[in-house]
Amino acid sequence: QVQVVESGGGLVQTGGSLRLSCTISGLTFATYSMGWFRQAPGKEREGVSCIHWSGAGPYYTDSVKGRFTFSRDNAENILYLQMNSLKPEDTAMYYCAAGHLASCSDFLSRGEYNYLGQGTQVTVSS
């Protein structure tokens with residue numbers, strides 16, 4: 001059984017930092033593209049970052065480039081999203097996801113994933 005569990009969210013002031021973690025069990029990392037989505041109240045879910053199953057990437061949506069860093073620890077099956085210089089518009093529920101043999105383009109733009117976690121809330125105060 002596949003389990004996807006995010007942690008690390010919280011309340012931070014503008015300009016602050018947070019590191020999200022995602023533990024995934026029950027699947028083979030080598031055949032899954034993995035990444036992060038976020039959804040703000042009243043808005044559609046947005047792809048944030050992706051690492052291709054081949055190891056290529058990470059790729060980022062334009063609004064987080066230069067501020068967010070996505071990394072993957074294959075040995076421990078843990079994903080990390082380091083978020084720096086946070087802005088109020090980064091406020092959202094952040095989700096970790098895995099897509100079997102998915103391209104990062106489809107993964108991020110079309111939500112082509114097989115597994116999605118329950119999410120962790122990130123709130124950035126102004």
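For reference, positions follow the sequence shown, starting with 1.
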Q: Can I get a per-line list of side-chain donor-acceptor pairs under 3.5 Å for residues 9-27, giving both atom names and the distance, sequence neighbours left out?
A:
unit_1: Thr14; atom_1: OG1; unit_2: Ser125; atom_2: O; d: 2.7
unit_1: Ser17; atom_1: OG; unit_2: Asn84; atom_2: OD1; d: 2.9

Q: Does any part of the side chain of Val122, heavy atoms only, come nearer than 4.5 Å to the side chain of Met83, both counted from C-beta?
A: yes
Q: Testing the basics here: between Asp90 and Tyr94, what is the closest heavy-atom pair and its distance to 0.1 Å?
A: O-OH, 2.7 Å
Q: Glu46 vs Ser63, test: side chain to side chain contact (heavy atoms under 4.5 Å, CB included). Steps then yes/no.
A: CA-CA 11 Å; Glu46 173 190 27; Ser63 61; 3.8 Å; yes
Q: Run the side-chain donor-acceptor check on residues 95-105: report pairs under 3.5 Å with partners two or more places apart or on a different chain.
A:
unit_1: Ser103; atom_1: OG; unit_2: Asp106; atom_2: N; d: 3.1
unit_1: Ser103; atom_1: OG; unit_2: Asp106; atom_2: OD2; d: 3.3

Q: Quick one: CD on Gln121 to CZ on Arg38, what's the gap to the nearest 0.5 Å?
A: 12.0 Å
Q: Can you list every pair that meets ring-ring contact (aromatic ring centres under 6.0 Å, His included) and has a residue in residues 4-30, with sequence neighbours left out?
A: none
Q: Is there a side chain to side chain contact (heavy atoms under 4.5 Å, CB included) between Tyr32 and Tyr115 once you walk through the steps?
A: CA-CA 10 Å; Tyr32 281 82; Tyr115 303 102; 3.7 Å; yes
Q: Distance check, rounded to the nearest 0.5 Å: Leu86 atom CG versus Phe68 atom CZ?
A: 5.0 Å
Q: Go through it in stages, so that I can follow the logic: the residues are Leu116 and Arg45, the test is side chain to side chain contact (heavy atoms under 4.5 Å, CB included), and I'd like the CA-CA distance, side-chain angles, deciding distance and then a yes or no.
A: CA-CA 12 Å; Leu116 187 73; Arg45 189 169 295 166; 3.0 Å; yes
Q: Return all side-chain donor-acceptor pairs below 3.5 angstrom for residues 55-62, not counting sequence neighbours, or 'none' if the list is empty.
A:
unit_1: Tyr60; atom_1: OH; unit_2: Phe70; atom_2: N; d: 2.8
unit_1: Asp62; atom_1: OD1; unit_2: Lys65; atom_2: NZ; d: 2.9

Q: Which pairs with one or both residues in residues 2-12 pass side-chain hydrogen bond (donor to acceptor under 3.5 Å, both in side chains), sequence neighbours excluded?
A: none
Q: With sequence neighbours left out, what residues match Arg72 under salt bridge (Lys or Arg N to Asp or Glu O under 4.0 Å)?
A: none
Q: When the ring planes of Phe107 and Phe37 are compared, do they come out parallel, tilted or perpendicular, using 30° and 60° as the limits?
A: tilted
Q: Establish whether Val4 and Leu79 are linked, either directly or via other cluster members, by ILVMFWY side-chain heavy-atom contacts under 4.5 Å.
A: yes
Q: State yes or no: do Leu108 and Leu81 share one hydrophobic cluster built from I, L, V, M, F, W and Y residues joined by side-chain heavy-atom distances below 4.5 Å, directly or via other members?
A: no
